[in-house]
Structure formats: C-alpha cells, structure tokens
Colleague: 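Sharing a structure, written as structure tokens. Questions coming.
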Amino acid sequence: MTKIDTHSDPNELLDLLLEESTLKGAERFHRYPERKFFGYFCSYFPEELILAAGLDPLRLFPDSENSTPAELPAYSCSLARGTLDMEIREQWQDLVGIGFTHTCDTMQCLSGIWAASGHSKTIDIVPPVMLTAQGASRYYQSELNNLIKELTALTQQDITQQALQDALLLCAHTRNLVTELDTLRPNLPSPLVFAILRAGQLMPRADYVKALEQCLPALKDMAVTPHTRAKLLITSAVLENDSLFTMIEDLGGRVVADDTCSGYRHYSGHTLTESGDPLSDIIKRYSGMPSCPCKNRSLNERISYLSGLAKQRDAQGAIIVIRKYCEPHAWDAVTLAETFRNNGIRTLTLELEGANVGGQERTRLQAFIESLSEAPELSKEG
Amino acid sequence: MPDAQSTKHNEHAKKRNYRPLVSTKALQKTMGRYYAITNYHRYWGKPLRRPLAWVTSGAPVELLRAFKIHSAYPEQYAAIYSARQATVSLCEVAETAGYSQDLCSYARSNIGGVLRPDLAPLGGMPKPDLLVACNNICGTVLKWYEVLARHFNVPLLVLDTPFLTGELTPQAKEYVLEQLNAMAVDLEKITGRKLNQQSLAEQMRRSAEITSLWKETRQYCQASPSPLNAPDLFIHMAPIVVLRGSQEGINYYRKLEAEVKERVKLGQGAVNNERIRLVWDNIAIWPQLFSFYKLFAEKGACFVTDTYSGGWAADHAPGTPMESLAATYTEVFLNRSPEYRANQLINQIRDYKAHGFVMHSNRSCKPYSLVQEVIRRKVMRETGVPGLMIEADMADPRAYAEEPVRNRVQAFLETFDDLT
C-alpha cells in the first residue's frame, strides 16, 4: 500500500483513494491493523464524536445488492438487507461498534433487528426530525451527551473537550478540502470525484486528509480542460459504487452537482469551530447542513436548496434516483421533478434496485442525455 | 375501523361461523353522524369558527379538540376506500402522478382521492384548513403531510416524537412538551382562540375514559370463548380513533362494553365452537377483511386480541394535561423497540391464553413490519407457541396473493389439530 507522507507521489495517492473507494473497507484489517474502526450508516451520525473517541468512522456499504437475510422482508432496501447479511456473516466483527441514527423508518428498524440478531455492539442516536422545532437544539445536545457516554463506555476512554475540538477541526478541514474538490467537479470526470468522496468515508480520516491535500494540486491541474458535456445534477440516497456516475460520463454527461447521501451531501454545510463549545458547533452543523428527505427544516427548504444548486451550477438536467423501497427519497421525487421542470431543467427519475445500473438504465440515460445535448439552451428558455 | 363495512359485516357473520354484535347498529349511527358532520364541514365550519384539520392517527387530538378544531383522519378514510374496493383506482391516480407503488397505500389512496375526489367513496375528504402530523407511527406521515401542505397551501404542524430505543428519556419528554406548547401557540393564531386549560383537562378526562372503556371491553376477550374476534375489533375501533375525547364515543363504548360483558356471562363466543385462540399483529387486511378471517373462523380459530387496535387501549401517562399528552403520544407502541413490542405480544399471548399468533407483514407499513421476524422468533422462543407470517398490504389488494396465503394458513391451522 502507498505510504502517505509529504514525499508521496500525488498520482499514487490518487490511486490509493480510488482503491479504497472500491474496496469499501474490506481490507481495513490488513491495511490499518493499528486502527480501530466504528461503523455507521447515515451522514447524521456525528463522525466528530467517533473521532474524538479515538476511533475511525467507517461507513457501512453492502457487498451485494441481492442479499436476502431472513430477518428482513424482501420489501426492504438493498442497503439494509446487504449490510445486515454481512453482519450475520460476521463481516463487521472487528468493528468496535456500530452506530445507528434515526433517519428513515428502515434505519430505525434495522437498529433493533441488528441488536437482536447481530454480533456487534450497537449504539443509537435519535436526533430531532424537525430540526428547527421548539426545543430541538436542547434535545439534540442531550442526545449528543448520551452518545458521548455510550462511546466512552465502549472504549473505556474519556472523551475530552480537547479531543472533541481536535475532531471538530479535522472534520472541518476534511469538509473544506472536499468542498474545494466539489468546485472542480464540472471539469473532472464524475466517477473520479464521486469515488474520492466515498473514500473519505471508508479509510482512516487523518490518512484521507493527508492524501487529499496532496492530490488536490494534481486534480486542479486536471480540471482545466473545458468540456461540452451535458451538465447534470444528481440527487439520491446512498450509492455505494460509481456505476451510475461512470455510465453518465460514458454517455456524454457530467455531474456538476451532487446531492447524494454518500457523495457531497455527506460533507456539505458550514462547520463552525470557534465557539469554544464543540457540541454546540456540531449541532449547528448537522442541523444546518442541506437536509436529507428524512429531516425537515421547513416545508420547502430542501426543494429550494436543490433548485438553487441546479441554477448555481448551471445544470441542464437533473437525475432523481430512487433506490427501490427508499420511501423518503421517493416522496420528494415528485415535488422535486415538478420544481425542476418548472425551472426549465429536464428531469429523469430513475428507480434502482441497488447502486448498479444496467442495460435498461443505459437506454433511458442515453435518451435523456442526448435530449439535453440537443437542447443546450434549455435552461435559459425555461 | 371502517363503519361502512359494519352492515356487510353482520350479513357475512350469519354465513361465516361468527356471531354479529347488536352494537353494530349504534356504531353505524355514531359513525354515520361523524361522517355527515365531517363531510358537511364547509357549511358549518366557518360560521362556527371551527377549522377542519386532517390529522394522523397518532396526533394529540385532545389538544385540537380544546381549540374546537374538527379532525378528520386520512388513514381512516383510506381504510374505508379499501373496504369499498376503491384503493386500486385511487392508488393508480397517485402512481400516475409519480408516487411510487412502494409507498404506503393509505397515503397513495388518500392522494388519489385528493386528485380525483370523484373516484373516492364518500366523495373524498373535505378540504382541510390545517394539517397536524405526529411521527410517532412512522416517518411516512411527515412526507405525506408535506405533500398535502404543498397541495392545499395550508399550515402544517408536526409533532416530532423521538423514537424510543428504551424507556422515555427526560430529554425526549421535555422536547415533545416544548413542541406541544409551541403547537398551542400556533393553534391560538390559527383559530383565534386562547387555549382553555379547563377545556383541555376535560378533553383529557374524556379521552382517558374512552380509552378505559375500550381497554376493559378488550379484556373481556380473555374469557373462553372470546366474545370478540379480530374483525369485530377492527370495525369497532373506529370511534376510539376519530372520537377520542368525545361524549359520543364514550356513550358508544358503554353500549359495546355492556354487550360484550353479557356475551361473556352467557358464554357466547364470537366464533362458534372456538377451538384455537390466536393473537393478530399489524393493521388489518382491509380489502380481505371477511374472506381472510373466514379462513380461520371456519376452523374454529378466533383472534382474541391484537396489537393494532390495542394501540388505542394504552393508559394515559400521569402529569398535567400537556405532560400527559407528551408522554402518552411518545410512548405509543409503534414508536418503540422490537424488544418492547415482543414483550407486549408475549404478555398478550399469556394474558389471553393464546395458542399461537399471526403476523401480517404489511408492505405499506415498514415500522410495523420490518422488525416482525425478530419479534416472531423471540415470542416463539419465550412462549413456545407458533407464529405465522403472512405477506400482504393493509389496503392495496394487488399485494395479496390468495392461494399462497390460503395454503400457509391451512398448514398453520393444521398444527393445532390436537386441540379440541
């Protein structure tokens, strides 16, 4: 494995990030034997606290989208089925623990099923759903304090204010680096950016930051070439591989705005670090970040945010991905599609069983992207 | 729950090995009045300054009643749509509008009814002045009510009740209480009325009374033979849902309780020659309400209790009215861990001396259904009684495969052949 230091070759480091994004943590035991990983599912699990506990966050992605563990009915999403199946096959047994956040109904249920049938120690956090409701911040603070207690009990090690502040700074730095990369996105291959973002959720955080810091200049050099590709916004739940992004690129599209759970949305939002109260800063970040459909800041905020993002990135088209049985995204899809269309942005709603795309999706994407290429001024006509 | 089914229920009962309830007539009258008042709201709502709210089944309706708000329940109308075989056409309207077939069938048929009221039984629901959702039953209600709020352009008030992985925590209770106080302020603005604490206390008193009556009525089913079967419970739960906190509801349940008590005294079972006692888990299969439960009744199997209609039989939490509302609505069983729900089922099996249980794996209700397999295993392990899983949908008949269901039910009931 490539050693990460100031003398490392940026190209090799880039290869490392891409490799990590493909491995999805499968080699963690061999690559990082001295590290302790803590698994989590949703972007609303505060990774600052995992880091402050001396652990490295590992986002759990399924190794198959066809798993059918007996503990879950077939009408559950493949993310839940796949990761639970891996738990039953003891694929996560080296993790110090696994954190669940109450976001969607499936995640809420998965936590209980996992505790009943799995082998790993589980920890729950139930953040507010209504992020601006009366008392939400105070309640959130209490939940974070509980989480700190649970993580402390798990590691038998106190989480100090200093450790919290350091973790906060590390996360802020990570998000800044990723945001820098996100601004280069229009001029970089879509699967490349998506993979780099995913790697940050799968490898030791400090290593990721070092690698990304050193790769960024090379990525900036790569990003100077103008292109004539169809500019797309994509919104989705978790996508555990680059299949869709690769197909989009192959068909002449370019993802200029990424609102996927495992893509840029995971890093988005402003991270405060200087209030002197790390928990308060953490709450502000998670409450203020562009929300997933499970959360509500106000009735139309998510819709307006995505419309604004499409406009800001000059997107010609939008792809709304609904993972089979993912209800929150399926609900928002209708209003989102209508809003995009009203704003002159052509929209394709794509239902996927898992993250992989095949022949049927290719046909639809091809027709969609071709229609954009034929009407490059569409967004201005709207 | 759908009263419209009650006449049909009695007709079928005669043919199908179970005893009809005399109270059904009172139920029809009570619910008929409620629907008439609701459907004519446009004529009396404004003059009386009484807005119409569409509310979720787990919303703190006592608070709304204190503001003289009239509540209508999309979930309840959706059950009626289903019992009247209108769900498929209404869901297709929603699906054509872009709503995935995998979304909750109550929500889809409700949206279908909003878009095409001409296809909906009862002419659909009257337009709301406000929407009140509480996410103690699922996350779907938030998304569903967001859609409605955009469509009708009316205020949406949401009560966020944190999911309880264990017991209710002080911070969760405090958070819900703060939201209830904020909701009261919003309702003051919407209705132009001040919150009357005495009126709220009176609503809570009536709500507690109706809950007690429903609870006591259900407990009579611990007798053998059981005076009620699952379809009775599902149909006669309608007032506890929509008339919680009302005197009409109390009057109705007094009648029902008296009849059920009399049945026990006379040793009359809901199912003739009751042989097998079962517990039901999940929402009813509304479109197959009679044909499905007939499979059991004709073999002498009676569902003596259930987790679904039992959800409205939970005692009110102590405290001031607002504190009681905060705890009671956060602690509803669907907002709790699989462990809690397994223990609840275990207790029901023991208290009602059940021989087995049947779980409806309901495609439309993930919080109810996804955890059922781990619950089934635990309950079987701890009680030693068998549990059957049936996959269907509470409202959409397209998810009901008759032959496989019949085969599974028959095989399950054969395991009780030694019971006489």
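Just so we're on the same page: letters track the sequence lines, and every chain starts at 1. Note that the coordinates shown come from a computational prediction; the quantities given were computed from them, not determined experimentally.
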Colleague: With a 4.5 angstrom heavy-atom cut-off, could you sort out which part of A:Cys104 is near chain B: side chain, backbone, both or neither?
Modeller: neither
Colleague: Can you say whether A:Ala136 sits under 4.5 Å from chain B via the side chain, the backbone, both, or neither, judging by heavy atoms?
Modeller: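 Both parts, heavy atoms under 4.5 Å.
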Colleague: Begin from the C-alpha positions of A:Ile148 and A:Leu279 and carry the test side-chain contact (heavy atoms from CB on, under 4.5 Å) through to its verdict.
Modeller: CA-CA 10 Å; A:Ile148 288 175; A:Leu279 284 191; 3.9 Å; yes
Colleague: Would a distance-only check, ignoring hydrogens and angles, find a side-chain to backbone donor-acceptor pair under 3.5 Å from B:Asn335 to B:Pro162?
Modeller: yes
Colleague: With the threshold set at 4.0 Å, does a side-chain nitrogen-carboxylate oxygen contact exist between B:Arg108 and B:Asp396?
Modeller: yes
Colleague: Which atoms of A:Ile320 come close to chain B, meaning under 4.5 Å heavy atom to heavy atom: side chain ones, backbone ones, both, or neither?
Modeller: neither
Colleague: With a 4.5 angstrom heavy-atom cut-off, could you sort out which part of B:Arg376 is near chain A: side chain, backbone, both or neither?
Modeller: neither
Colleague: Should the ring pair B:Phe152 and B:Trp54 be called parallel, tilted or perpendicular, given that the plane angle runs from 0 to 90° and is split at 30 and 60?
Modeller: perpendicular
Colleague: Taking every non-hydrogen pair under 4.5 Å, which of A:Glu338, A:Glu351, A:Gln141, A:Lys324 racks up the most with chain B?
Modeller: A:Lys324
Colleague: Measure B:Ser337 against the heavy atoms of chain A and call it side chain, backbone, both or neither at under 4.5 Å.
Modeller: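 It is neither, since no heavy atom gets under 4.5 Å.
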Colleague: Measure B:Ala97 against the heavy atoms of chain A and call it side chain, backbone, both or neither at under 4.5 Å.
Modeller: backbone
Colleague: Measuring heavy-atom distances to chain A, does B:Glu391 have an atom under 4.5 Å in its side chain, in its backbone, in both, or in neither?
Modeller: side chain
Colleague: Using heavy-atom distances under 4.5 Å, tell me whether B:Leu370 contacts chain A through its side chain, its backbone, both, or neither.
Modeller: both
Colleague: Here's a test for you: under side-chain contact (heavy atoms from CB on, under 4.5 Å), which of A:Pro127, A:Pro328, A:Cys42 qualifies with A:Cys294?
Modeller: A:Pro328
Colleague: Using non-hydrogen atoms and a 4.5 Å limit, figure out which bit of B:Thr140 sits close to chain A: side chain, backbone, both or neither.
Modeller: both
Colleague: When you check the gap from the basic side-chain N to the acidic O, do B:Glu178 and A:Arg138 get nearer than 4.0 Å?
Modeller: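 Counted as a salt bridge, because a side-chain N and a carboxylate O are separated by less than 4.0 Å.
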Colleague: Side chain, backbone, both or neither: which part of A:Ser142 has an atom under 4.5 Å from a heavy atom of chain B?
Modeller: both
Colleague: Check the angle between the aromatic planes of A:Trp114 and A:Phe41 and answer parallel, tilted or perpendicular using the 30° and 60° thresholds.
Modeller: perpendicular
Colleague: Quick check on A:Val129 against chain B: is it the side chain, the backbone, both or neither that has a heavy atom closer than 4.5 Å?
Modeller: both
Colleague: Below 4.5 Å, heavy-atom pairs only: which of A:Thr103, A:Leu110, A:Ile322, A:Asn300 has the largest tally toward chain B?
Modeller: A:Asn300
Colleague: In terms of side-chain geometry, is the basic nitrogen of A:Glu327 or B:Lys366 positioned less than 4.0 Å from the acidic oxygen of its partner?
Modeller: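 Judged by the 4.0 Å cut-off on N to carboxylate O distance, A:Glu327 and B:Lys366 do form a salt bridge.
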Colleague: What I want to find out is whether A:Arg81 reaches A:Asp85 closely enough, with some N-O distance under 4.0 Å, to be called a salt bridge.
Modeller: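 No.
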Colleague: Given that the side chain runs from C-beta out, which part of B:Pro367 has a heavy atom under 4.5 Å from chain A: side chain, backbone, both or neither?
Modeller: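 For B:Pro367, heavy atoms of backbone and side chain both lie under 4.5 Å from chain A.
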Colleague: Classify the ring geometry between A:Tyr40 and A:Phe45 as parallel (under 30°), tilted (30 to 60°) or perpendicular (over 60°).
Modeller: tilted
Colleague: Hey, which of A:Thr106, A:Leu299, A:Val126 has the most heavy atom pairs under 4.5 Å with chain B?
Modeller: A:Leu299
Colleague: Under 4.5 Å heavy-atom distance to chain B, tell me which part of A:Ala337 shows up: side chain, backbone, both or neither.
Modeller: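 It is neither, since no heavy atom gets under 4.5 Å.
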Colleague: With a 4.5 angstrom heavy-atom cut-off, which part of B:Leu334 approaches chain A: side chain, backbone, both or neither?
Modeller: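 Backbone only.
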Colleague: Can you tell which of B:Thr169, B:Val147, B:Asn362, B:Ile375 has the highest number of heavy-atom pairs within less than 4.5 Å of chain A?
Modeller: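 Result: the option with the highest number of such pairs is B:Asn362.
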Colleague: What residue in A:Glu143, A:His102, A:Gln134 has the most heavy-atom pairs under 4.5 Å with chain B?
Modeller: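 When all of A:Glu143, A:His102, A:Gln134 are compared, A:Gln134 has the most.
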Colleague: Is a side-chain N or O of A:Glu301 found less than 3.5 angstrom from the main chain of A:Asn296, in a donor-acceptor match?
Modeller: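 Side chain of A:Glu301 to backbone of A:Asn296, a donor-acceptor pair under 3.5 Å: no, none is there.
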Colleague: Given a strict heavy-atom distance threshold of 4.5 Å, which part of B:Glu146 is in contact with chain A: side chain, backbone, both, or neither?
Modeller: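 When you check distances to chain A, atoms from both the backbone and side chain of B:Glu146 fall under 4.5 Å.
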Colleague: Distance from A:Tyr305 atom OH to A:Leu309 atom CG, nearest 0.5 Å?
Modeller: 4.5 Å
Colleague: Could you point out which residue of B:Leu388, B:Leu345, B:Ile390 forms a side-chain contact (heavy atoms from CB on, under 4.5 Å) with B:Met359?
Modeller: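 Single side-chain contact (heavy atoms from CB on, under 4.5 Å) partner of B:Met359 among B:Leu388, B:Leu345, B:Ile390: B:Leu345.
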Colleague: Identify which part of A:Ala333 has an atom lying under 4.5 Å from any heavy atom of chain B, answering side chain, backbone, both or neither.
Modeller: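 When you check distances to chain B, no heavy atom of A:Ala333 falls under 4.5 Å.
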